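Reading through the C-alpha cells given below for one structure.
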Amino acid sequence: IIAPADPPMEDNELETLMPIASHVVSLDLPNSKITDEGMNSITKLVNLRKLNLEGSSAISVSGAAKLKSMEQLEHLNLINVKLEDSIVDTLSAIQSLREVYLFNCGISEEAIKRLKSERPKIFVNAG
C-alpha cells in the first residue's frame, strides 16, 4: 500500500515504484501532480486493486482511459478529476471494477446512468 506524504507525487516519482510494481495493491495519490504520462507507470502496477486519484487535475480523459488495461482494479476514485462522458466506455470495460467515485468530474447524468445500466453491479457514487 503506497500513500506518499506531502508534497504531492509527480510522474517521475512513479518510476521509483517499478522494482516493487507487482506488490503494490493500493495507491493513494490525492491531489497529486500525476499527468497522463504518469498513467503509463500506474498501468504497470499489475496487481493494483485500489487507486485514489482524487483532485489530480493534470489527468485528462485520455490519461484515465489507460486504466482500461488494469485487470485487478476494484476501487477507483476520480473525484475532482476533469473528465468527459467518454470515460464511461473505459469504466465499463474494467471487468474487475466494483466501486467508482465520480463526483465533480464533469460527467453528465446521462453518462452516469449508462454506466449503471451497463455495469449494474458497480457501486457508482457521482455525488
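Everything quoted here is computed from the prediction, not taken from an experiment.
Looking only at side-chain heavy atoms (C-beta outward), Ile94 and Ser96 come within less than 4.5 Å of each other. Between Ile2 and Asp28, the closest side-chain pair of non-hydrogen atoms is not below 4.5 Å. Residues Ser32 and Glu10 form no side-chain contact, since every pair of their non-hydrogen atoms from C-beta on lies 4.5 Å or further apart. With contacts defined as side-chain heavy-atom distances shorter than 4.5 Å, the pair Leu115/Val100 qualifies. The shortest side-chain heavy-atom distance between Leu29 and Asn52 does not fall under the 4.5 Å cut-off.
The salt bridge (Lys or Arg N to Asp or Glu O under 4.0 Å) pairs that include a residue from residues 58-72 number zero, where partners must be two or more places apart or lie in different chains.
Between the side chains of Ser60 and Asp36, a donor-acceptor pair is found at a separation under 3.5 Å. Side-chain contact check for Asn77 and Glu54: at least one donor-acceptor pair (N or O, by modelled atom type) lies under 3.5 Å.
A side-chain hydrogen bond (donor to acceptor under 3.5 Å, both in side chains) with His75 holds for exactly one of Glu99, Arg49, Lys50; it is Glu99. The side-chain contact (heavy atoms from CB on, under 4.5 Å) test with Ile42 singles out one residue from Leu17, Val24, Asp11, Leu53, and that residue is Leu53.
Shown here for Ile59 and Val81, the closest heavy-atom pair between the two residues is O-CG1, 3.6 Å. Closest of all the heavy-atom pairs between Ala58 and Ile34 is CB-O, 3.5 Å. Summarising the geometry of Arg119 relative to Leu97, their closest heavy-atom pair is NH2-O, 3.5 Å, with the distance given to 0.1 Å. Between Met18 and Leu14, the closest heavy-atom pair is CE-O, 3.5 Å. Scanning both residues, Ile107 and Glu84, for their nearest heavy atoms gives CG1-O, 4.1 Å. What you find for Asn31 and Ser56 is that their closest heavy atoms are N-OG, 4.1 Å.
Residue Ser41 holds its OG atom at 11.5 Å from CD of Glu13, rounded to the nearest 0.5 Å. To the nearest 0.5 Å, the span separating NZ on Lys44 from CE on Met39 amounts to 13.0 Å. For the atom pair CG (Asn80) and OG (Ser57), the distance works out to 9.5 Å, reported to the nearest 0.5 Å. Rounded to the nearest 0.5 Å, atoms CG (Leu91) and CD (Glu118) are 10.0 Å apart. The line from NZ of Lys116 to CZ of Phe123 is 8.5 Å long, rounded to the nearest 0.5 Å.
Atom CD1 of Ile1 has 12 or fewer heavy atoms from other residues, nucleotides or ligands within 6.0 Å.
Formation of a donor-acceptor pair under 3.5 Å by the Ser92 side chain with backbone atoms of Val88 is found in this model. Under a 3.5 Å cut-off, the side chain of Asp85 and the backbone N or O of Ser108 do form a donor-acceptor pair. With hydrogens and angles ignored, the 3.5 Å screen pairs a side-chain donor or acceptor of Thr43 with a backbone N or O of Asn40.
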*Please report the C-alpha distance between Leu67 and Leu76 in whole Å, then the side-chain angles of each, then the deciding distance to 0.1 Å, and finally whether the side chain to side chain contact (heavy atoms under 4.5 Å, CB included) criterion is met.*
CA-CA 10 Å; Leu67 296 173; Leu76 179 59; 3.9 Å; yes

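Comment: Glu110 does not engage Arg114 in a salt bridge, judged by the lack of any side-chain N to carboxylate O separation of less than 4.0 angstrom.
In the hydrophobic clustering of this structure, Leu78 does not group with Tyr101; members are Ile, Leu, Val, Met, Phe, Trp, Tyr whose side-chain heavy atoms approach within less than 4.5 Å, directly or through other members. Residue Ile122 is not grouped with residue Ile79 when hydrophobic side chains (ILVMFWY) are merged at heavy-atom distances under 4.5 angstrom, including chains of intermediate members.
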